[in-house]
Protein chains: 2
Amino acid sequence: MSPEDTNTIAENLLGQTTGRSTPIRLAVLGILLAAKTALNQQEIEQQATRQGLTADRVTLYRTLDWLVEQGVAHRIASNDRTWRYKAQANLATPHAHFQCKHCGQLFCLEHLQPALLVSLPQGYQLDAIELKLQGTCPNCTLKYAT
Amino acid sequence: MSPEDTNTIAENLLGQTTGRSTPIRLAVLGILLAAKTALNQQEIEQQATRQGLTADRVTLYRTLDWLVEQGVAHRIASNDRTWRYKAQANLATPHAHFQCKHCGQLFCLEHLQPALLVSLPQGYQLDAIELKLQGTCPNCTLKYAT
DNA sequence: AATTTTTATGCAATTTAGTTGCAAAATAAT
DNA sequence: ATTATTTTGCAACTAAATTGCATAAAAATT
């Protein structure tokens with residue numbers, strides 16, 4: 001996805017939220033759209049800095065929370081005890097995630113859509129399904145090939 | 001499960017590990033077997049104290065890591081940014097988890113065994129599947145019934 | 001049985017992700 | 001222009017988890 005595209009998409013997505021479309025929100029959402037993997041706060045801050053945007057750590061946390069709340073980004077628990085965030089043009093289609101045990105990268109598998117075949121025990125009310133796969137990513141498969 | 005049972009099971013499980021079967025490890029594993037939900041370090045420490053066992057926080061963290069490493073306990077990322085631990089008699093049968101958004105309790109759904117129907121994209125090597133469901137638990141369903 | 005080696009535990013200090021409260025800045029509404 | 005609302009920044013704080021090192025306990029060796 002080209003930077004112009006992500007910017008346009010980010011603007012469109014922000015248009016669908018309640019609240020203001022600020023430079024920081026736009027930039028962060030753009031970063032989350034453009035990224036190949038899900039990023040944590042630190043990585044997002046670094047990427048923002050690279051783009052010449054400085055934003056306070058706290059603001060980033062709040063922005064990320066807000067984006068998730070608004071449904072234009074989603075949050076996944078990473079192995080390294082941080083939250084990682086990702087966004088895509090097609091709003092929040094539920095999908096699986098894959099985290100590599102070697103490099104730690106967290107991929108969205110947009111074509112793997114979790115669904116429940118068996119039913120839950122009595123009394124449980126389901127809101128969301130989280131499907132996370134663990135293993136070795138393509139890159140590390142090559143790297144650590146025997 | 002009665003306390004005697006869990007103790008016996010814990011001893012058996014520890015027998016299958018490399019490393020020593022110490023009082024702390026036995027007690028912690030017993031707690032993880034007896035618990036209805038997955039517990040975090042703090043809750044485990046409280047439970048241990050109730051049983052008259054005092055163990056350093058660091059030792060608990062190390063014990064938990066070790067139990068997971070040895071495959072006699074498993075670890076799930078909780079919504080509250082802590083790791084929660086659980087063990088069962090039948091060693092590490094992969095199963096789904098359910099976390100309640102109201103009370104935060106994390107349940108093991110041992111009869112819900114995740115399996116992948118669709119195949120992964122080229123190059124990804126799968127080690128483990130994590131299936132976590134979010135929603136309202138039976139207790140909170142009653143509590144917050146409209 | 002005494003000594004050496006290995007493994008497990010405790011303690012103190014540190015790291016780091018994430019949060020809170022409040023003031024200042026920016027934007028929108030009147 | 002003025003007022004009200006929302007967003008951002010700063011400083012201080014919380015709490016989970018980690019690290020390094022010394023001590024204790026258990027196992028292995030002589």
Side-chain angles (χ1 to χ4, degrees), chain A residues 10-11 13-31 38-49 51-70 72-85 99 104 106, chain B residues 10-11 13-31 38-49 51-70 72-85 99 104 106:
Chain A
E11 272 172 4
L13 289 175
L14 286 183
Q16 297 175 40
T17 65
T18 73
R20 298 174 188 171
S21 176
T22 68
I24 290 182
R25 287 175 177 177
L26 194 65
V28 170
L29 186 51
I31 289 169
L39 309 177
N40 62 23
Q41 179 273 324
Q42 216 185 0
E43 293 166 338
I44 293 165
E45 183 167 13
Q46 286 165 3
Q47 183 59 33
T49 305
Q51 297 180 9
L53 181 102
T54 56
D56 191 72
R57 235 162 34 91
V58 177
T59 303
L60 282 184
Y61 277 118
R62 285 199 272 234
T63 301
L64 292 167
D65 278 355
W66 182 83
L67 290 173
V68 171
E69 228 173 69
Q70 296 290 324
V72 293
H74 64 280
R75 193 180 79 160
I76 316 111
S78 176
N79 280 343
D80 62 0
R81 227 165 272 100
T82 68
W83 295 114
R84 301 188 106 86
Y85 301 83
Q99 185 152 32
L106 214 167
Chain B
E11 272 172 4
L13 289 175
L14 286 183
Q16 297 174 40
T17 64
T18 73
R20 297 173 189 171
S21 177
T22 68
I24 290 181
R25 287 175 177 177
L26 195 65
V28 170
L29 186 52
I31 289 169
L39 309 176
N40 62 22
Q41 179 272 325
Q42 214 184 6
E43 292 165 339
I44 293 165
E45 183 167 14
Q46 286 165 3
Q47 183 59 34
T49 305
Q51 298 182 8
L53 180 101
T54 55
D56 191 73
R57 250 178 54 243
V58 177
T59 302
L60 282 183
Y61 278 117
R62 287 199 271 238
T63 300
L64 292 167
D65 278 355
W66 182 82
L67 290 172
V68 171
E69 227 172 72
Q70 296 289 322
V72 293
H74 64 279
R75 191 179 80 159
I76 317 110
S78 176
N79 281 343
D80 62 359
R81 228 167 269 99
T82 67
W83 294 114
R84 300 188 107 85
Y85 302 83
Q99 185 152 31
L106 213 166

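Bear in mind the structure is a predicted one, so any value in this text is a computation, not a measurement. Protein chains get the first letters and strands the later ones, always in sequence-line order, with residue 1 at the start of each.
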> Is a donor on one side and an acceptor on the other found under 3.5 Å between the side chain of B:Glu43 and the backbone of B:Asn40?
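Checking the backbone N and O of B:Asn40 against the side chain of B:Glu43, a donor-acceptor pair under 3.5 Å is found.
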> How many Å lie between CD1 on A:Ile24 and P on C:dA25, as a whole number?
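Value for this atom pair: 15 Å.
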> Any side-chain N or O of B:Arg25 under 4.0 Å from OP1/OP2 of C:dA8?
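Yes, within the criterion.
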> Rounded to whole angstrom units, what separation is found between the CG atom of B:Asp56 and the C1' atom of C:dA12?
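Taking CG of B:Asp56 and C1' of C:dA12, I get 10 Å after rounding.
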> Please report the closest heavy-atom contact between A:Arg20 and A:Trp66, naming both atoms and the distance.
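Distance-wise, the nearest heavy atoms are O-CH2, 4.2 Å.
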> With distance as the sole criterion, is a donor-acceptor pair present between the side chains of B:Gln41 and B:Glu45 under 3.5 Å?
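Yes.
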> If you compare all heavy atoms of A:Ala77 against all heavy atoms of B:Ala77, which two are closest, and at what distance to 0.1 Å?
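Reported closest heavy-atom pair: CB-CB, 3.9 Å.
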> Specify the residue among A:Asn40 and A:Pro23 whose closest nucleotide of DNA chain C lies further upstream toward the 5′ end.
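Its nucleotide being nearer the 5' end, the pick is A:Asn40.
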> Respond yes when some side-chain nitrogen or oxygen of B:Gln42 is under 4.0 Å from OP1 or OP2 of D:dA16, and no when none is.
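Yes, B:Gln42 has a side-chain N/O under 4.0 Å of OP1/OP2 on D:dA16.
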> Nearest whole angstrom, please: distance from the C1' of D:dA26 to the CG of B:Leu26.
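Computing the B:Leu26:CG to D:dA26:C1' distance gives 16 Å.
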> Could you say whether A:Arg57 or A:Trp66 is positioned toward the 5' end of DNA chain D, judged by the nucleotide with the nearest heavy atom to each?
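Counting from the 5' end, the first nearest nucleotide belongs to A:Trp66.
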> In terms of side-chain heavy atoms of B:Tyr61, which of D:dG9, D:dA17, C:dA12 is nearest?
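Of the candidates, D:dA17 comes closest.
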> Which is true for B:Thr59 with a 4.0 Å heavy-atom rule: it touches a base, it touches only sugar-phosphate, or it touches nothing?
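Counting heavy atoms under 4.0 Å across all strands, the contact made by B:Thr59 includes a base.
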> Please compare B:Arg20 and A:Leu60 by the position of their nearest nucleotide in DNA chain D and report the one closer to 5'.
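The residue closer to the strand's 5' end, by nearest nucleotide, is A:Leu60.
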> What are the two closest heavy atoms between B:Gln99 and B:Asn79, and how far apart are they?
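For B:Gln99 and B:Asn79, the tightest heavy-atom pair comes out as OE1-N, 3.1 Å.
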> Under 4.0 Å between a side-chain N or O of A:Arg62 and OP1 or OP2 of D:dG9?
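False: A:Arg62 side-chain N/O out of range (4.0 Å or more) of D:dG9 OP1/OP2.
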> Using the side-chain heavy atoms of A:Val58, tell me which of these nucleotides is nearest: D:dA11, D:dT8, C:dA17.
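Shortest atom-to-atom distance from the side chain points to D:dA11.
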> When the nearest nucleotide of DNA chain C is assigned to A:Arg81 and to B:Thr18 on a heavy-atom basis, which residue is associated with the more 5' position?
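Closest to the 5' end, via its nearest nucleotide, is B:Thr18.
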> Tell me the interatomic distance from A:Trp83, atom CH2, to C:dG18, atom P, rounded to whole angstroms.
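The distance from CH2 of A:Trp83 to P of C:dG18 comes to 8 Å, rounded to the nearest Å.
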> In whole angstrom, what separates B:Leu39's CG from D:dA16's P?
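Whole-Å distance recorded here is 14 Å.
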> Would you indicate, yes or no, if C:dT9 has its OP1 or OP2 atom less than 4.0 angstrom from a side-chain nitrogen or oxygen of B:Thr22?
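Affirmative; the distance criterion is met.
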